[in-house]
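As structure tokens, the structure follows; a few thoughts come after it.
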Amino acid sequence: MAKKSPYLPKDIEESLYSEWEEKLVFSPKQHSKTFSLMIPPPNVTGTLHMGHGFQNAIMDCLVRFKKMQGYSTLWQVGTDHAGIATEMVVERLLGRDGISKEDIGRDKFIERVWDWKNQSGDTITQQLRRLGGSLDWENERFTCDEDYIAAVQHAFIDLFDAGLIYQGYRLVNWDPKLQTSLSDLEVINEEKEGKIWTINYSLENCDARIPIATTRPETLFGDMALAVNPNDERYSNFIGKRAIIPVAKRSIPIVADTYVDSSFGTGVVKITPGHDFNDYEVGKRHGLHISLSGEAMTGDPSQFLPISIMDKNACIQGEVPNEFKGMDRFIAREKVLKELISSNSLVREEIHTIKLPLGDRSNEILEPLLTKQWYLDAKSLSEPAIKAVRNGEIKFVPKNWEKTFFQWMENIQDWCISRQLWWGHRIPVWFDKQGNAFAGNSEENVREKYNVQGPLKQDEDVLDTWFSSSLWTFATLGWPKKTDRLKLFHPTATLVTGFDIIFFWVARMIMMTLYFMKEIPFKEIFITGLIRDENGQKMSKSKGNILDPIDLIDGISLDALIKKRTHGLMQPQLEDKIKAATQKQFPNGIDSFGTDALRFTFYSLAAPGRDINFDIGRIGGFKNFCNKIWNAMHFIEFQIEKYDFKKNEHINPFDHSLNIWMHHQIFESTKKITQHIENYRFDLASNELYEIIWSKYCDWYIELVKNQLTQAEKSEQLTLITGLIANLEDLLKLAHPFMPFITEKVFRNLNIMQSKSCKNFLVDTALPQQRAVIKKNINRYLNDIIECITTIRTNRNELNLDNKVSLILNIPPHAPKELFNSFNGFKASLDRMCGVAELSSLEPHKVPNSLNILIAGDKCQLVLPSEFKFDNVISSLKDKQEKIQQRIIMLEKKLANKDFTNKAPREVVSNQNAQLQELIQEKRALVDSIKKYS
RNA sequence: AGACUCGUAGCUCAGCUGGUUAGAGCGCUGUCUUGACAUGGCAGAGGUCGGUGGUUCAAGUCCACUCGGGUCUACCA
């Protein structure tokens with residue numbers, strides 16, 4: 001027999017995808033029953049990571065499954081312009097040539113970004129194709145497309161006109177490295193060991209000194225008050241008096257505010273409203289301001305005017321001693337401390353854990369800084385969003401994320417939407433000479449709309465990237481135009497995303513969509529877990545534990561992997577460690593597993609609400625699963641050749657019990673898998689698929705058919721082969737949403753083997769349908785056969801029986817003979833343990849000089865010859881009897897308990913009773929056997 | 001400080017509203033090269049379900065407390 005081609009995913013995957021894409025298999029057909037899904041747009045700067053792999057595998061499974069259920073599906077694809085990330089990438093590129101963005105100016109810089117985007121921006125979309133995603137490439141979108149820009153402007157102007165967007169001068173999180181403001185969400189608070197200092201402030205016109213505690217002595221130049229708790233008796237005398245700031249030598253008021261915790265530090269806090277968010281609030285309450293004479297004063301909240309002593313580089317500036325001007329904040333800290341010591345004002349220095357606010361992109365220590373920024377009134381938008389989730393219009397899966405969502409939404413702060421960057425959506429606001437702001441989509445538009453004369457100047461800032469992505473579900477479909485796509489596919493069905501962007505993106509999409517569309521963006525939100533490494537560690541560059549999905553698909557050598565993991569490290573000293581760990585974990589690099597195996601691994605691990613520790617050990621097993629399918633195909637090919645099989649429309653595979661049985665199993669599995677997918681239980685769905693294909697189709701059905709084929713008539717042979725093919729085709733359809741490549745390829749090959757032309761792509765076919773009604777008892781008979789065979793095998797192994805036994809099988813009187821024929825062949829050829837099979841419908845035989853052991857109830861008995869050595873058989877039987885006995889005692893006790901029999905449901909009780917009877921019978925048979933040979 | 005989440009076989013994980021003798025894959029042990037597949041077949045050994053207490057006829061599952069890991073939000077200078 002000719003050797004058949006091995007399973008090589010590389011050979012099939014890429015070419016199949018190109019074909020799907022060329023033939024527009026994934027473009028939605030327009031009809032009323034729709035199912036739509038929006039891809040969370042990956043950053044255009046990005047490369048595929050395991051999280052993408054995971055989420056896109058899930059989305060693709062959903063989309064393909066729905067398509068095969070008859071929906072017109074749309075999976076919208078696109079990328080995000082990723083303001084800061086992209087700007088950083090291009091700045092870095094320019095930096096290599098020693099050019100800064102300021103050198104070339106705004107327009108040229110943006111040109112360079114577009115150049116870069118056109119050259120490298122499709123890396124991630126190419127990688128998405130490798131995952132087999134059924135994305136609608138015809139309508140790919142980018143959040144800086146012309147149409148998208150129009151949508152963003154439209155949204156901004158609308159919100160501006162409604163008074164929901166406003167400009168404010170207040171504290172923001174300032175990134176001194178990137179020179180831009182950030183929203184609260186972009187701040188990462190990192191706990192670190194730092195210091196806290198106690199400093200004496202002297203009282204004005206008095207010798208007394210008042211000690212304060214601070215972690216930021218350098219900001220004392222910005223102090224505008226001291227504060228104590230109103231109930232703190234230690235300091236009640238000082239309230240209303242004034243203190244002198246050391247070093248700065250300025251006088252400030254002492255105020256009472258409940259914000260101060262008397263039990264912490266000294267119970268006195270310096271209030272620096274220009275450099276601390278809490279102090280800002282305190283300052284506002286007390287109306288802190290600088291009087292015309294230059295003195296810090298209290299007043300009413302409307303008078304509040306904080307002072308700032310730092311510039312945008314976080315260097316000291318403003319009303320400070322000359323020697324501090326222009327000094328970096330941390331150098332200034334040292335200098336302030338030195339002066340405090342020399343003026344004898346520093347009381348003590350202690351170790352103290354502090355939380356450092358870091359920028360999520362730059363990793364730089366952020367500075368609260370007073371600036372003018374644009375804000376979106378999130379509070380007004382949040383209410384309908386909260387309501388939509390509260391009343392179940394939008395559902396989180398798993399549900400517990402709703403709590404997280406509510407917690408944040410109910411305490412939502414206004415969203416700082418302006419960024420001091422060049423790349424992005426420029427804020428569509430023009431200012432006249434007096435500083436009045438007008439929103440419009442162009443200068444002309446503004447002039448016309450508001451009838452303004454004189455010079456106008458556009459705002460320099462751009463919008464936070466998340467502002468544009470918050471419009472994603474409808475802006476991609478053509479909004480604000482009333483397009484067909486918008487009508488057909490909005491609201492979308494499901495959003496699949498990670499919990500890390502619930503606030504950044506999910507919450508904001510809900511708010512914006514409800515505001516603009518007056519409908520929800522999606523009905524369900526499936527929150528996936530995070531993909532971690534095998535030890536549960538987050539995958540990160542600095543840990544050197546990143547796995548690239550593409551490397552799992554294609555494989556990678558150890559050297560290349562090490563190079564990849566150590567290239568461009570922020571901390572080069574980690575290189576050796578990463579190298580060693582990588583060498584240890586992947587001494588031979590990583591094998592090529594193919595997309596289907598990778599995807600299947602994701603499904604099998606996708607238990608909801610749980611992070612995934614990605615264990616490389618599991619993916620190999622699923623490649624073997626693909627191989628198993630591949631070889632099932634070869635098996636059929638061999639049968640076709642061997643039996644000279646020709647496709648014949650008149651052969652009905654469901655004339656044969658074995659085929660019907662398998663068909664029925666597949667139909668049952670289809671129902672289960674459908675249910676699992678509805679519940680987002682991809683783990684259970686993939687288990688079921690593995691089970692039906694490997695255990696049921698390959699291990700039982702093929703083996704039974706194989707044996708039947710050898711003894712069947714020609715027509716039965718053809719029927720069986722037709723069934724093999726039909727059932728495998730059904731399984732391929734069922735598996736297609738999970739493993740699109742191998743299923744499509746095998747499906748085609750099956751057609752080629754039968755000299756049939758292949759008309760359909762699998763995704764355009766329907767899921768397995770019930771085509772034959774199962775006869776009543778077939779399942780039972782097959783289960784009996786399976787039980788018998790299993791028991792025989794177990795006994796053979798346990799009792800070390802070899803080939804010395806015969807078998808008696810009690811065939812039910814009306815059972816289809818063909819089933820039991822295959823059993824006969826099965827037993828003889830596969831297990832080779834029974835010398836001669838004795839099929840019988842008689843009462844249990846009494847064979848002279850032999851031992852009959854009843855197995856599988858009374859369905860079958862083993863006949864052991866008398867020359868057999870029984871010692872170990874008997875001891876094994878005794879062990880078995882002991883176990884049964886214990887179980888019997890337990891059940892009897894349980895059933896004797898009146899509370900149990902009265903209170904437990906009837907079927908539980910009868911179930912236990914039936915079990916007990918069965919065990920008693922089994923025990924009796926065992927005792928007989930043992931007695932006979934002892 | 002508040003919230004969430006996890007702890008089940010050597011490893012990675014299932015176990016839905018409490019109800020048979022707690023399951024899977026990998027790994028391990030034994031056995032088998034027989035015309036789909038050794039990337040395989042068959043069989044087997046591994047768990048008192050983190051701990052304590054409670055509710056119940058019945059607890060891996062519910063409750064309380066507790067130990068240990070992870071995450072998020074807010075933050076005391």
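Here the structure is a predicted model, which is why all the values come from computation and not from measurement. Sequence lines set the chain letters: A, B, ... in the order given, protein chains first and strands last, and positions in each chain run from 1. Basis for what follows: all heavy atoms, side chains included, without hydrogens, waters or symmetry-related copies.
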Inset, instruction - Report which part of the nucleic acid A/Thr404 touches: base, sugar-phosphate, or nothing (heavy-atom distance under 4.0 Å, all strands). - result: nothing
Inset, instruction - Return the value, rounded to whole Å, for the distance between atom CZ of A/Phe638 and atom P of B/rG35. - result: 11 Å
Inset, instruction - Quick one: list whatever passes ring-ring contact (aromatic ring centres under 6.0 Å, His included) with A/Phe747, sequence neighbours left out. - result: none
Inset, instruction - Give one of base, sugar-phosphate or nothing for A/Tyr259, where a contact means two heavy atoms less than 4.0 Å apart. - result: base
Legend entry - Minimum-distance nucleotide to A/Thr790 side chain [options: B/rU21, B/rA43, B/rC37]: B/rA43
Inset, instruction - Please tell me which of the listed nucleotides, B/rA43, B/rG19, B/rA14, lies nearest to the side chain of A/Arg610? - result: B/rA14
Legend entry - Anti versus syn assignment for B/rG70, with syn defined as within 90° of 0: anti
Inset, instruction - Could you check whether A/His275 gets within reach of a base, just the sugar-phosphate, or nothing at all, counting any heavy atom under 4.0 Å? - result: nothing
Legend entry - P atoms of B/rA24 and B/rC65, separation to the nearest Å: 36 Å
Legend entry - Nucleotide B/rG25, atom P - distance to OH of A/Tyr603 in whole Å: 21 Å
Inset, instruction - Take A/Leu684 and A/Asn897, find for each the nucleotide of RNA chain B with the closest heavy atom, and name the residue whose nucleotide sits nearer the 5' end. - result: A/Leu684
Legend entry - Listed nucleotide nearest any side-chain atom of A/Val908, set B/rC37, B/rU20, B/rG19: B/rG19
Inset, instruction - Taking only the side-chain heavy atoms of A/Lys355 (C-beta and beyond), determine which of B/rU71, B/rC75, B/rG25 contains the nearest atom. - result: B/rC75
Inset, instruction - With RNA chain B as reference, determine whether A/Gly265 or A/Ile702 sits nearer its 5' end, using the nearest nucleotide of each. - result: A/Ile702
Inset, instruction - Please determine if A/Glu367 and A/Arg329 form a salt bridge, counting it only when a charged side-chain N lies under 4.0 Å from a carboxylate O. - result: yes
Inset, instruction - May I ask you to check whether over 12 heavy atoms, not counting those of A/Gln413, lie within 6.0 Å of atom CD? - result: no
Legend entry - Distance, rounded to the nearest Å, where A/Phe635 contributes CZ and B/rU34 contributes P: 17 Å
Legend entry - Watson-Crick or G-U wobble mate for B/rG18, both contacts under 3.5 Å: none
Inset, instruction - Assign A/Lys403 to base, sugar-phosphate, or nothing according to its heavy-atom contacts below 4.0 angstrom with the strands shown. - result: sugar-phosphate
Legend entry - Distance under 6.0 Å and angle within 45° of ring axis: A/Arg348 vs A/Trp197: no
Inset, instruction - Could you tell me whether A/Met890 contacts a base, only the sugar-phosphate backbone, or nothing, with contacts defined as non-hydrogen atoms closer than 4.0 Å? - result: sugar-phosphate
Inset, instruction - Scan A/Trp197 against the nucleic acid and name what it touches under 4.0 Å (heavy atoms): base, sugar-phosphate only, or nothing. - result: nothing
Legend entry - Steps toward salt bridge (Lys or Arg N to Asp or Glu O under 4.0 Å) verdict (A/Glu190, A/Lys355): CA-CA 5 Å; A/Glu190 201 176 87; A/Lys355 287 237 168 117; over 6 Å; no
Legend entry - Out of B/rU71, B/rC4, B/rC57, whichever nucleotide has its closest atom nearest the side chain of A/Arg532: B/rU71
Legend entry - Whole-Å distance separating the NE2 atom of A/His634 from the P atom of B/rC37: 9 Å
Inset, instruction - Give a yes-or-no answer on whether the side chains of A/Thr219 and A/Lys270 include a donor-acceptor pair shorter than 3.5 Å. - result: yes
Inset, instruction - Give one of base, sugar-phosphate or nothing for A/Ala632, where a contact means two heavy atoms less than 4.0 Å apart. - result: base
Inset, instruction - For the side chain of A/Arg887, starting at C-beta, report the closest nucleotide among B/rA14, B/rU21, B/rA36. - result: B/rU21
Legend entry - Separation of the P atoms in B/rA43 and B/rU48, to the nearest angstrom: 25 Å
Inset, instruction - Please determine, for the side chain of A/Val260, which listed nucleotide (B/rG41, B/rC75, B/rA77) has the closest atom? - result: B/rA77
Legend entry - Nearest-neighbour nucleotide for the A/Phe900 side chain, B/rG41, B/rA3, B/rG19 considered: B/rG19
Inset, instruction - Rounded to whole angstrom, note down the P distance from B/rG35 over to B/rG41. - result: 16 Å
Inset, instruction - Describe the nucleic acid contact of A/Cys626 in one word from base, sugar-phosphate, nothing, applying a heavy-atom distance below 4.0 Å. - result: nothing
Inset, instruction - Remember a base hit wins even if backbone is also touched, and classify A/Ser263 as base, sugar-phosphate or nothing at under 4.0 Å, heavy atoms. - result: nothing
Inset, instruction - Assign A/Pro6 to base, sugar-phosphate, or nothing according to its heavy-atom contacts below 4.0 angstrom with the strands shown. - result: nothing
